[in-house]
Amino acid sequence: MPELAEVEYYRKQWDPGIGGEVGRVRLHPAARIFRDCDTKLLERALTGAVLEQSLAHGKQMLFGFSGGAWLGVHLGMTGKLFCEPRPYAPGKHDHLVLELPEHVLVFYDARLFGRVRFDQGPELPEWWQALPPDLLSDAFTQEALQQFLKRRARSPLKAVLLMQERFPGIGNWMADEILWRAALHPSTRAGQLSAREVGKLYATIREVCADAMQVIGTDWGEPPPSWLFTHRWEDGGTCPKTGQPLVRETIGGRTTCYSPARQKLKG
DNA sequence: CCCCATGTTCGACA
DNA sequence: GTGTCGAACATGGG
């Protein structure tokens with residue numbers, strides 16, 4: 001479920017716990033989400049620590065605790081974060097539960113594709129510092145986009161947009177939304193774009209990120225019917241721009257929704 | 001029972 | 001070495 005804006009939404013779900021001291025950590029050490037994590041160390045270090053801040057970057061989140069303890073969270077396909085008043089009885093898929101004086105902070109993940117990391121130190125963890133530039137920042141330039149498309153020249157645009165090393169936060173629905181708004185066929189090879197099309201793609205990436213953050217990232221509002229988003233899973237869905245049928249097919253290994261009347265394949 | 005799923009990684013192969 | 005593609009991961013829902 002979670003892409004850029006959904007991740008930002010989930011990050012804020014733990015906000016009520018900021019300033020609270022962790023009384024107890026409950027976790028399932030064998031759960032796959034802890035595959036890269038020393039759970040003994042995490043438990044020891046977080047018990048008694050105070051949640052101070054949270055950050056989101058693409059699909060990654062980082063929670064900072066007193067004493068230089070950092071909890072990294074990736075939600076995978078089905079992960080979510082939520083906050084409940086105490087007392088709270090953890091459910092089957094609540095794999096990490098932090099008990100604070102007034103709240104419990106929960107990481108739920110049925111499918112276990114999510115991931116927890118734990119680091120200690122005064123600075124932000126190295127892996128966090130090494131994340132690629134945020135798509136809404138000045139550091140993500142049209143030049144960088146151009147270079148990346150060139151390097152992935154033979155891959156379909158759909159597959160390229162899903163590469164987190166350059167497009168942190170973009171997932172399946174955002175990639176489809178971007179290509180639809182930019183009127184580019186998802187199967188177009190990345191190296192085939194004209195300079196004009198690269199410019200259009202760049203502007204559209206930023207536009208969709210900004211729109212998603214505003215509508216979904218704030219309070220998980222319902223996207224308007226003018227977006228592809230609201231039609232992509234409807235059977236017999238119709239393109240809001242052309243009135244023509246939408247289609248779904250597998251492109252770049254993922255189910256892709258697009259509007260053939262609007263998004264034409266060149267040559 | 002069958003198919004599908006808003007994600008990432010790993011191994012096979014060109 | 002580089003780049004692409006499909007399978008695998010684990011579980012639930014339609």
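So you know, we letter chains A, B, ... as the sequences are listed, proteins then strands, and number each from 1.
- Both tests hold for A:Arg181 against A:Trp227: distance to the six-membered ring centre under 6.0 Å, angle to the ring axis within 45°.
- Where A:Arg35 and A:Pro2 each meet DNA chain B at their nearest nucleotide, the meeting point lying more 5' is that of A:Pro2.
- Taking both residues in full, the closest heavy atoms of A:His57 and A:Pro132 are given as NE2-O, 2.6 Å, listed atom of the first, atom of the second, then distance.
- Put simply, CE on A:Met77 is 15 Å from P on C:dG13, counting in whole angstrom units.
- Taking side-chain N and O atoms only, A:Gln164 has a distance below 4.0 Å to OP1 or OP2 of B:dT8.
- Within a heavy-atom distance below 4.0 Å of DNA chain B, the residues of residues 253-263 of chain A found are A:Arg254, A:Thr255.
- Distance CH2 (A:Trp227) to P (B:dT6): 18 Å, rounded to an integer number of Å.
- A:Glu3 contributes a side-chain N or O that, together with a main-chain N or O of A:Asn172, makes up a donor-acceptor pair within less than 3.5 Å.
- Residue A:Arg154 comes nearest to A:Arg189 through the heavy atom pair O-NH1, 2.9 Å, listed as atom of the first residue, atom of the second, then distance.
- Residues A:Tyr108 and A:His93 bring their aromatic ring centres within 6.0 Å.
- Taking side-chain N and O atoms only, A:His74 has a distance below 4.0 Å to OP1 or OP2 of B:dT8.
- Not one side-chain nitrogen or oxygen of A:Lys92 sits closer than 4.0 Å to the OP1 or OP2 atom of C:dT11.
- Put simply, A:Lys59 has a side-chain N or O that comes within less than 4.0 Å of OP1 or OP2 on B:dT8.
- Within the structure, every side-chain polar atom (N or O) of A:Arg151 is placed at least 4.0 Å from both OP1 and OP2 of C:dT2.
- Residue ring and base: A:Phe113 does not count as stacked with B:dT8 (centre distance below 5.5 Å and interplanar angle below 30° not both satisfied).
- Rounded to the nearest Å, the gap between the P atom of B:dG11 and that of C:dA10 is 16 Å.
- Atom-to-atom, NZ of A:Lys150 to C1' of C:dT2 comes out at 16 Å; the value is rounded to the nearest Å.
- Between A:Asp134 and A:Phe140, the closest heavy-atom pair is O-CB, 3.5 Å.
- When heavy atoms are screened at a 4.0 angstrom cut-off, A:Lys80 is found touching no nucleic acid atom at all.
- A ring-centre distance under 6.0 Å is found for A:Trp220 and A:Tyr10.
- A salt bridge links A:Arg11 to A:Glu8: at least one charged side-chain nitrogen sits closer than 4.0 Å to a carboxylate oxygen.
- Within the structure, every side-chain polar atom (N or O) of A:His93 is placed at least 4.0 Å from both OP1 and OP2 of C:dA10.
- Of the candidates C:dC9, B:dT6, C:dC5, the closest approach to any side-chain atom of A:Glu3 belongs to B:dT6.
- Whole-Å rounding puts the A:Lys158 NZ to B:dG7 C1' distance at 12 Å.
- Here A:Glu6 lies in heavy-atom contact (under 4.0 Å) with a base.
- Distance, A:Arg154 CZ to C:dT2 P: 14 Å, rounded to whole Å.
- When the P atom of B:dT9 is taken as reference, atom CG of A:Leu112 falls 16 Å away, rounded to whole Å.
- In a base pair of the Watson-Crick type (N1 to N3 plus N6-O4 or O6-N4) or a G-U wobble (N1-O2 and O6-N3), with each distance short of 3.5 Å, B:dT6 is matched with no nucleotide.
- Going from atom CG of A:Asp235 over to atom P of B:dC4 covers 12 Å, rounded to whole Å.
- Counting to the nearest Å, the C1' atom of C:dA10 and the CZ atom of A:Arg115 are 17 Å from each other.
- Taking atom C1' in both B:dT6 and C:dT4, one finds a spacing of 23 Å when rounded to whole Å.
- Distances shown here put a side-chain N or O of A:Arg152 below 4.0 Å from the OP1 or OP2 atom of C:dT4.
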